[in-house]
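Let me begin by presenting the structure, written as structure tokens, before commenting on it.
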2 protein chains.
Amino acid sequence: MHILIVEDELGIVQFLKQGLQEEGYQITTAGDGSKGFELIQNQKFDLILLDWMLPKINGLDLCKAIRVKDQQTPIIFLTAKDTVQETIEGLKAGANDYIKKPFSFEELVERIKVHFRNKKQAANLTLGNITMDLTRHIVLKDKEEIALTQREFELLAYLIENKGKVCNRNQILRDVWEINFEYDTGVIDVFMNAIRKKLNLKIEEDYIKTVRGIGYIAND
Amino acid sequence: MHILIVEDELGIVQFLKQGLQEEGYQITTAGDGSKGFELIQNQKFDLILLDWMLPKINGLDLCKAIRVKDQQTPIIFLTAKDTVQETIEGLKAGANDYIKKPFSFEELVERIKVHFRNKKQAANLTLGNITMDLTRHIVLKDKEEIALTQREFELLAYLIENKGKVCNRNQILRDVWEINFEYDTGVIDVFMNAIRKKLNLKIEEDYIKTVRGIGYIAND
DNA sequence: GAGTTGTCTTAATATTTGCTTAAGATGTTG
DNA sequence: CAACATCTTAAGCAAATATTAAGACAACTC
């Protein structure tokens, strides 16, 4: 996640940059409004932290300018301007949140997280050159879409979720087929076969290996 | 836009209800946490205003309970609890904003608007050569107008809004039909059939695909 | 208020899909 | 090479979905 900080006070910039980097965010900074605008034109950020009082272009105008082209990227004002009127003005200009200085760093982090919360849903699993998109229910191998049936999809997802671990047949029956007693007709083999065929995986030396006497294992 | 207010102090409820109605919102109120929870189970709101100190179920627990099933609906805490720790706790519980009492009504309105901002922009939806104009209630395919009934329209709009995601049958029943319990008579199929017929969509390889065992998915 | 029209829902039937089984082929181990 | 595990294939079957038709209901017309 890439955050842009537009702020001219060096002390605050340093403080924010360090703290947010420790939280695992990638940080880019701009010391004035026009530099900030320039950066935004040329690359995509996941979130923008904006001071109000800035050299060259002030935060409010910058916010409006960003919103002309981009309505999506969350913008958080972070400013000493703390009257209700100013808050309202900031929000009307297109900001998504408005935090008053002095602020608690912890609260800032939580408010940033709020904006990322619903984005994470792009849950996809990978195994070598295979990608599974769980929400879209799609499997790609080298960018080529492969059609799997429901069960095939679930089985493959299960193996990838447990990448690196050997999954024994009973576990698979329990978790994928919801069969909770020992009863193996060989279904798993049939489905493994189908998956390997569709994904063109060789039995030996490929992402999914057979562990004789136990089950199967996926590995990059 | 339909807002739920969960708050026990009658004075505040009245004040908010009246003010927000004047802003053009539809308002429903709940005087305690469990009544709020009940309402949320049975209908869909566009936003929830939540007090922290509530009879029966407190706001924090209610917020968490809502988020178990629903990560989308924006929740705004509106409370006299104003320490940083409490703010953080509220946001961590899944709230999207946290406003401290006493608050400015104008600021509240602006903060509410922030959450609706990106929703309204979906005034017309597109899927391939199909265009839907939500305000005028019109569907075009290649500039030719297609007459859909209310439900057909809603179902199609729902699928396009969730373009790229698989919509399972229960979600569709909940969000389009507002049926909140498992009860499938096959209505969805009938309507899908109608939509496909009217829009002349082939079952295989077209914008709307059937995901066997789950539901349907729209994709350009 | 009876009849008309259009939509929604249910139910019944047709069709398709994919799950499961079983049985023979192939491979592995001691 | 026997015993066992896994692979592969194909056919029957069950479940999910598509399709059609008919009844329920509401809004509108005469």
Side-chain angles (χ1 to χ4, degrees), chain A residues 137 139 146-159 166-218, chain B residues 137-139 145-159 166-218:
Chain A
H137 221 265
V139 184
I146 312 263
L148 293 190
T149 72
Q150 178 64 7
R151 272 275 149 81
E152 289 161 4
F153 191 90
E154 281 173 26
L155 175 55
L156 181 59
Y158 182 75
L159 288 172
V166 178
C167 304
N168 74 46
R169 304 172 94 81
N170 283 332
Q171 279 169 3
I172 295 174
L173 281 175
R174 194 190 61 215
D175 296 336
V176 180
W177 270 265
E178 309 203 9
I179 292 173
N180 288 288
F181 42 94
E182 279 199 31
Y183 172 66
D184 191 347
T185 49
V187 222
I188 299 174
D189 308 65
V190 174
F191 276 82
M192 283 307 313
N193 184 243
I195 290 172
R196 280 171 168 157
K197 218 179 213 170
K198 288 186 179 179
L199 290 173
N200 194 28
L201 299 174
K202 301 279 157 263
I203 269 182
E204 266 315 297
E205 57 185 329
D206 221 324
Y207 301 134
I208 299 176
K209 280 184 188 149
T210 307
V211 183
R212 187 156 247 264
I214 306 180
Y216 296 88
I217 183 171
Chain B
H137 218 269
I138 282 172
V139 183
E145 187 170 343
I146 311 263
L148 292 190
T149 71
Q150 181 65 12
R151 272 278 146 80
E152 289 161 3
F153 191 89
E154 281 172 29
L155 175 55
L156 181 59
Y158 182 75
L159 289 172
V166 177
C167 304
N168 74 46
R169 304 174 95 82
N170 284 331
Q171 280 169 3
I172 294 174
L173 281 175
R174 194 190 62 213
D175 295 336
V176 179
W177 270 265
E178 309 210 0
I179 292 173
N180 287 284
F181 42 93
E182 280 200 29
Y183 173 66
D184 191 347
T185 49
V187 222
I188 298 174
D189 308 65
V190 174
F191 276 82
M192 282 307 314
N193 187 242
I195 290 172
R196 280 171 168 160
K197 223 177 211 169
K198 289 187 179 180
L199 291 173
N200 193 29
L201 299 174
K202 301 277 158 266
I203 269 181
E204 264 315 298
E205 54 189 327
D206 221 324
Y207 301 134
I208 299 175
K209 281 186 189 149
T210 307
V211 184
R212 189 157 252 260
I214 305 182
Y216 297 88
I217 183 171

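In the text below, chain A, chain B and the rest are named by the order of the sequence lines, each starting its count at 1. Fair warning: this is a prediction, and the values are worked out from it, not measured in the lab.
Between A:Thr210 and D:dC7 there is a side-chain N or O to OP1 or OP2 distance below 4.0 Å. For D:dC7, the OP1/OP2 oxygens have no side-chain nitrogen or oxygen of A:Lys197 closer than 4.0 Å.
With D:dC7, D:dT19, D:dT17 as the candidates, the nucleotide lying closest to the side chain of A:Asn193 is D:dC7. Which of D:dA18, D:dC7, D:dT17 sits closest to the side chain of A:Asp189 comes down to D:dC7.
Atom-to-atom, CD1 of A:Ile195 to P of D:dT9 comes out at 16 Å; the value is rounded to the nearest Å. The distance between atom CZ of B:Arg196 and atom C1' of D:dT20, rounded to the nearest whole Å, is 16 Å. B:Met192 places its CE atom 10 Å from the P atom of D:dT19, with the value rounded to the nearest Å. If you measure from atom CG of B:Leu201 to atom P of D:dT17, you get 18 Å, rounded to the nearest angstrom. To the nearest angstrom, P of D:dA18 lies 14 Å from NZ of B:Lys202. Atom NZ in B:Lys198 sits about 15 Å away from atom P in D:dT20, given to the nearest Å. If you take CD1 of A:Ile208 and C1' of D:dT6, they are 15 Å apart, rounded to a whole angstrom.
The CD atom of A:Glu152 sits 6.0 Å away from the CD1 atom of A:Ile195 when rounded to the nearest 0.5 Å. The line from OH of A:Tyr216 to CZ of A:Phe191 is 12.5 Å long, rounded to the nearest 0.5 Å. Of the inter-residue distances, the one linking A:Asn200 atom CG with A:Lys202 atom NZ reads 4.5 Å to the nearest 0.5 angstrom.
Contact check on B:Arg196 versus B:Asp189 returns no salt bridge, with no Lys/Arg side-chain nitrogen under 4.0 Å from an Asp/Glu carboxylate oxygen.
Counting heavy atoms from C-beta on, the side chains of B:Tyr207 and B:Leu159 never come closer than 4.5 Å. Taking 4.5 Å as the limit, some side-chain heavy atom of A:Ile208 sits within range of a side-chain heavy atom of A:Leu156.
B:Tyr216 comes within contact range of the sugar-phosphate backbone alone, with a heavy-atom separation under 4.0 Å but no base atom that close.
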### Message
Checking A:Arg151 against A:Trp177 for the side chain to side chain contact (heavy atoms under 4.5 Å, CB included) test, could you report, in this order, the C-alpha distance in whole Å, the side-chain angles of both residues, the deciding distance, and whether it holds?
### Response
CA-CA 8 Å; A:Arg151 272 275 149 81; A:Trp177 270 265; 3.2 Å; yes

### Task
Would you give a per-nucleotide map of nucleotides 17-30 of chain C, 5' to 3', where B means the base has a protein non-hydrogen atom under 4.0 Å away, S means only the sugar-phosphate does, and - means neither?
BSSBBB----BS--

